[in-house]
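Here is the structure we will look at.
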Amino acid sequence: MGIRLSLAGTVLASLVCLGICILPMPGVAKVTGQCAQCHTMHNSQGGDPMAVDIAGNPQSTPNETLLRYGCVACHTGTNDGTNNIPYVNSTTAPTYGTDGTTGNTLAGGNFYWVAAAGGASDAMGHNVASDSLATQDATLGNTPPGGTGPLASQLTCAGTTGCHGDRSQDSDFGAMSGTHHADDTIIDGTSVARSYRFLNGVLGLEDPDWEYLPTATAHNQYRGFDRTSDTELAAGSISNLCAQCHNDFHNGSGNVGGTAPAANPFSSPWVRHPTDFDMGNTAAGSEYRNYGGAGVNAYVVSAPVASVDVSTVLSTVTFNDDTIVTCISCHRAHGTPYPDLLRWDYSLISAGGGGSGGCFECHTTKN
Ligand code: HEC
Ligand code: HEC
Ligand code: HEC
Ligand code: HEC
Ligand code: HEC
């Protein structure tokens, strides 16, 4: 077979150029192309294996769903704004810039820095085992901070030990069955395919190029909740996804909500940074009202806020259920060049130093 998938740094011809899988239409994620470009019936052709690993080398072990590539192998490459596979791992250093909005990484960031190829810095990303992407986190093992205990095994892309797909299924492709061939024009959370980025039950509006060089008018619109209590799960929000493993950082009882007045339990002073909390709940003259610039209030792609209504992309915010703090206001899901998979270098953010970006996008008077 001469037709192969695009993998960065390898000699494989481009899947994109050969016209597989390409549907760059907004919201529509449905693969196209000859079956043989992605599937192999026996992992054998002329007696040689058809499956290939991340590095593009033949792989004698067959993949699930008769695929020639695992999740990571297919999703490894270099984004250039025209690729129709979202690349979340690269074999050479991606360009990131100061906050991941000016380089060639996508909304979730990139596994490069946590993967062996990028130096295997455990704190720079989720240590995903699929396709032998990364080894187990030497500090955290398989235990999510803020969670209820270790996962059954190392993190995977999808399934019980992963983020994508049906989290009751124990394998990557079992959890993702029926997603890539489905029409997901409508995101209503009723199936994995019809969930935001195949994150089961999560809602949101999908930027068609996965936030390649995002702007205030071209970005994902994340689903958030304007909660009034720390015990609300906010199911369907992007933060609820993170809370499925890091629950205490988002919801729960006991000391999670702190000692705020019973009449208004979900308020300052906080005991952990608020999420699924709308900045519209702060006083009219608060520092938060200058998010996106005083009087301008443009959506800030480097410190994104979520909204209750995700039917349109918001280029400006109104502090009425559209300025909701989320886990990914500060983090990126896959990885970044910075510890704790933060969007920006936290070590460079100092009070009173006249700085900008990062925390200062919301805490506009602390610089
Ligand atoms: C044979 C190649 C291939 C394999 C294997 C593969 N993907 Fe994909 N994936 C694609 C292509 C092509 C797209 C873009 C078209 C689409 O969205 O379906 C995509 C899109 C996605 C998206 C974005 C969907 C959206 O809403 O934009 C996610 C998330 C994803 N894949 C996750 C996975 C996971 C998890 C696995 C492993 C269980 C996996 N993929 C395996 C090719 C692949
Ligand atoms: C399936 C469970 C699971 C989900 C869902 C999940 N995580 Fe994690 N997370 C883990 C585990 C396990 C670790 C520790 C091992 C590691 O870092 O790979 C971890 C580690 C982290 C770390 C610390 C990284 C380090 O190495 O110091 C951060 C930050 C983090 N997660 C943020 C998030 C965010 C943000 C989300 C939502 C986008 C999220 N997580 C969703 C399981 C999960
Ligand atoms: C661009 C890559 C690509 C092409 C081309 C492709 N598939 Fe797939 N297919 C996938 C991926 C990735 C999965 C695994 C995720 C899932 O189940 O949706 C999959 C899953 C499947 C499944 C199991 C899940 C389901 O939806 O039923 C079947 C059956 C299948 N493909 C058949 C086909 C056939 C038949 C063709 C050709 C007509 C084809 N595929 C072409 C990527 C591709
Ligand atoms: C306001 C920015 C911000 C928000 C919002 C935020 N985080 Fe963090 N997170 C940080 C920073 C900064 C750190 C570094 C450690 C610290 O300062 O506590 C961190 C650290 C972490 C860690 C690593 C803890 C450890 O023990 O290594 C995890 C896991 C984590 N965050 C998950 C989450 C989850 C899940 C959410 C949403 C419920 C979330 N974060 C929301 C900024 C944030
Ligand atoms: C997306 C906007 C946003 C970002 C980014 C953000 N914060 Fe916050 N932060 C808030 C909001 C909103 C509150 C709650 C304010 C209130 O209740 O009055 C808050 C609360 C806090 C509090 C607790 C204040 C209290 O009264 O208990 C601290 C401390 C804090 N943030 C620090 C940080 C730091 C440090 C960073 C960067 C790592 C950061 N924040 C990034 C929006 C943000």
Side-chain angles (χ1 to χ4, degrees), residues 5 15-16 20-24 27-33 37-39 63-65 67-75 84-86 88 108 123 130-131 139-140 144-147 156-159 162-165 171-177 179-182 184 187 193 195-199 206-208 210 238-243 245-251 258 260 266-279 281-283 286-288 291 300 303-305 323-331 339-344 346 349 351 358-363 366:
L5 217 60
L15 169 95
V16 172
I20 308 191
C21 331
I22 316 307
L23 264 189
V28 178
K30 184 175 173 178
V31 293
T32 58
Q37 292 171 318
C38 298
H39 293 281
N63 290 318
E64 291 179 312
T65 317
L67 281 159
R68 298 180 57 191
Y69 313 86
C71 309
V72 187
C74 253
H75 287 280
N84 292 291
I85 296 182
V88 297
S130 306
D131 291 0
T139 308
L140 297 170
T156 48
C157 299
C163 287
H164 295 278
S171 78
D172 274 333
F173 286 97
M176 292 286 283
S177 179
T179 51
H180 284 64
H181 287 282
D184 73 345
I187 300 293
S195 297
Y196 177 81
R197 303 300 187 210
F198 305 149
L199 298 164
E206 299 174 337
D207 183 36
W210 307 279
I238 194 74
S239 301
N240 170 276
L241 169 82
C242 311
C245 291
H246 301 286
N247 42 288
D248 276 353
F249 294 178
H250 178 261
N251 52 265
F266 197 60
S267 65
S268 169
W270 300 92
V271 291
R272 66 241 327 103
H273 200 281
T275 47
D276 276 323
F277 172 82
D278 183 27
M279 295 203 275
N281 293 317
T282 64
S286 80
E287 61 174 343
Y288 310 100
Y291 173 88
V300 180
V305 285
T323 38
I324 296 169
V325 185
T326 75
C327 306
I328 57 172
S329 297
C330 301
H331 297 281
D340 291 305
L341 29 114
L342 285 164
R343 290 177 166 265
W344 359 266
Y346 193 27
I349 301 179
C359 314
F360 300 131
E361 297 293 358
C362 301
H363 296 282
K366 301 292 188 285

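Note that ligands are numbered from 1 as they come in the structure, with each ligand's atoms numbered from 1 the same way.
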Over 60° means perpendicular and under 30° means parallel, so tell me whether Trp270 and Phe266 are parallel, tilted or perpendicular.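 Taking Phe266 first and then Trp270, their aromatic rings stand perpendicular (interplane angle over 60°).
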Please state whether the rings of His181 and His39 are parallel, tilted or perpendicular, taking 30° and 60° as the class boundaries.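 It falls in the parallel class, under 30°.
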May I ask you to check if ligand 1 and Tyr69 share an N or O to N or O distance below 3.5 Å?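 Looking only at distances, the answer is no, because the N/O contact criterion of under 3.5 Å is not met.
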Contact check: His75 vs ligand 1, nitrogen or oxygen atoms, below 3.5 angstrom: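 Right, the criterion is met.
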Quick test: of every protein heavy atom, which one is nearest to [atom], and how far off is it to 0.1 Å?
atom: atom 11 (C) of ligand 4; result: Leu342 CD2, 3.8 Å
atom: atom 27 (O) of ligand 4; result: Asp340 OD1, 3.7 Å
atom: atom 5 (C) of ligand 4; result: Thr326 O, 3.3 Å
atom: atom 33 (C) of ligand 4; result: His331 NE2, 3.7 Å
atom: atom 12 (C) of ligand 5; result: Met279 CG, 3.5 Å
atom: atom 37 (C) of ligand 4; result: Cys327 SG, 1.8 Å
atom: atom 4 (C) of ligand 4; result: Cys330 SG, 3.4 Å

What part of [X], side chain, backbone, both or neither, has a heavy atom within less than 4.0 angstrom of ligand 5?
X: Cys359; answer: both
X: Tyr346; answer: side chain
X: His273; answer: side chain

How does Leu140 reach ligand 4, by side chain, by backbone, by both or by neither, if only non-hydrogen atoms under 4.0 Å count?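 None of Leu140 does.
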Please work out whether any backbone atom (N, CA, C, O) or any side-chain heavy atom from C-beta onward of Ser329 is under 4.0 Å from ligand 4, and answer side chain, backbone, both or neither.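 Neither; no heavy atom under 4.0 Å.
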Could you tell me the separation between the [atom1] atom of [X] and the [atom2] atom of [Y], rounded to the nearest 0.5 Å?
X: Ile238; Y: Ile324; atom1: CD1; atom2: CD1; result: 13.0 Å
X: Phe277; Y: Ser239; atom1: CZ; atom2: OG; result: 13.5 Å
X: Leu67; Y: Asp172; atom1: CG; atom2: CG; result: 11.0 Å
X: Asn251; Y: Arg272; atom1: CG; atom2: CZ; result: 10.0 Å
X: Asp131; Y: Cys74; atom1: CG; atom2: SG; result: 9.0 Å
X: Cys71; Y: Met176; atom1: SG; atom2: CE; result: 6.5 Å

Determine whether any protein heavy atom is located less than 4.0 Å from [atom].
atom: atom 16 (C) of ligand 4; value: no
atom: atom 7 (N) of ligand 4; value: yes
atom: atom 29 (C) of ligand 5; value: no

Can you list the ligand 5 atoms lying under 4.0 Å from a non-hydrogen atom of Pro269?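 Counting from 1, the qualifying ligand atoms are 27 (O).
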Could you tell me whether Thr282 and ligand 5 have an N or O pair separated by under 3.5 Å?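 No.
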N/O to N/O below 3.5 Å, does that happen between Trp344 and ligand 5?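 N/O-N/O distance below 3.5 Å does not exist for this pair.
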So, do [X] and [Y] sit near enough that their side-chain heavy atoms are less than 4.5 Å apart?
X: Glu361; Y: Ser329; answer: no
X: Tyr291; Y: Val305; answer: yes
X: Met279; Y: Cys362; answer: yes
X: His180; Y: Phe198; answer: yes

Looking only at heavy atoms, which two atoms of [X] and [Y] are closest? And how far apart?
X: Ala182; Y: Lys30; result: O-CB, 3.5 Å
X: Val325; Y: His273; result: CG1-CE1, 3.9 Å
X: Thr326; Y: Thr275; result: C-CG2, 3.7 Å
X: Asp340; Y: His331; result: O-ND1, 2.9 Å
X: Gly146; Y: Phe249; result: CA-CE2, 3.5 Å

Should Ile328 be listed as contacting ligand 4, given a heavy-atom distance under 4.0 Å as the test?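 The answer is no, since Ile328 has no heavy atom less than 4.0 Å from ligand 4.
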Atoms of ligand 1 less than 4.0 Å from [X] heavy atoms?
X: Asp172; answer: 38 (C)
X: Trp210; answer: 23 (C), 25 (C), 27 (O)
X: Phe173; answer: 5 (C), 37 (C), 38 (C), 41 (C)
X: Phe198; answer: 21 (C), 22 (C), 24 (C), 28 (C), 29 (C), 30 (C)
X: Cys74; answer: 1 (C), 2 (C), 3 (C), 4 (C), 5 (C), 6 (C), 43 (C)
X: Gly70; answer: 5 (C)
X: Cys38; answer: 1 (C)
X: Asp184; answer: 26 (O)

Could you check which of [options] puts a non-hydrogen atom nearest to [atom]?
atom: atom 10 (C) of ligand 1; options: His39, His164, His180; result: His180
atom: atom 24 (C) of ligand 5; options: Phe360, Phe266, Trp270, Phe277; result: Trp270
atom: atom 32 (C) of ligand 1; options: Lys30, Met176, Glu64, Glu206; result: Met176
atom: atom 26 (O) of ligand 4; options: Ser239, Ala303, Pro144, Pro145; result: Pro145

Between Cys157 and Val72, does a side chain to side chain contact (heavy atoms under 4.5 Å, CB included) hold up when you go through it step by step? CA-CA 8 Å; Cys157 299; Val72 187; 4.0 Å; yes
With heavy atoms only and a cut-off of under 4.0 Å, state how Ala73 meets ligand 1: side chain, backbone, both or neither.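 The answer is neither.
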With backbone taken as N, CA, C and O and side chain as the heavy atoms from C-beta onward, which portion of Arg197 lies under 4.0 Å from ligand 1: side chain, backbone, both, or neither?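 Contact part for Arg197 vs ligand 1: both backbone and side chain.
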Measure from atom 8 (Fe) of ligand 5 to each N, O or S atom of Cys362 and report whether any distance is below 2.8 Å.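 Looking at Cys362, which is the residue asked about, there is no N, O or S atom under 2.8 Å from atom 8 (Fe) of ligand 5.
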Do the side chain of His164 and the main chain of Arg197 share a donor and acceptor less than 3.5 angstrom apart?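 Yes.
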Taking His75 for its side chain and Pro86 for its backbone only, find out whether a donor-acceptor pair lies under 3.5 Å.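 The answer is yes, because a donor-acceptor pair under 3.5 Å joins these two groups.
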Whether Ser267 lies under 4.0 Å from ligand 5, heavy atom: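 No, Ser267 has no heavy atom closer than 4.0 Å to ligand 5.
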Quick one: does Glu361 get a heavy atom under 4.0 Å from ligand 5?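 So Glu361 does not count as touching ligand 5.
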